[in-house]
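Input: a single structure, listed below in structure tokens.
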Amino acid sequence: MSTVQEIEAAIQALPASEREKLVADLPGILPELNGDAAWERILSDPRPRPALSALGDEIAAQFKANPSRFSEIQDRDFDRRS
């Protein structure tokens, strides 16, 4: 396989069970799919983000002024809702 098109065709030709296995294996094959690596790239990006920085500063000021306004996140907050 020498081109992306050939790789895509080979993947599409796989049975569904093999594609599912490939999906599970892809983060190991392509580390850039790893969520932690993606966040690390975001966090270490040196480009300024003035709007995001301003929003963070505003939230920090609101929290400092009234911390009780911000409820603590609980594990159950991440449970799926019907």
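Under the 4.5 Å side-chain contact rule for hydrophobic residues, V23 and I29 do not share a cluster. There is a path of hydrophobic side-chain contacts, each under 4.5 Å, that joins L22 to L30.
Heavy-atom neighbours of I73 CD1 from other residues, nucleotides or ligands within 6.0 Å: at or below the threshold of 12.
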Contacts under 3.5 angstrom, residues 10-21 side chains, donor-acceptor by atom type, not counting sequence neighbours:
unit_1	atom_1	unit_2	atom_2	d
R19	NH1	L14	O	2.4
K21	NZ	D25	OD2	2.9

In a table with atom names and distances, give each donor-acceptor pair under 3.5 Å that connects a side chain of residues 61-72 to protein atoms at least two apart or in another chain.
unit_1	atom_1	unit_2	atom_2	d
Q62	OE1	R69	NH1	3.1
Q62	NE2	E58	OE2	3.2
N66	OD1	S68	OG	2.8

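Judged purely by atom type and a 3.5 angstrom limit, D45 has no side-chain atom pairing as donor or acceptor with the backbone of I42.
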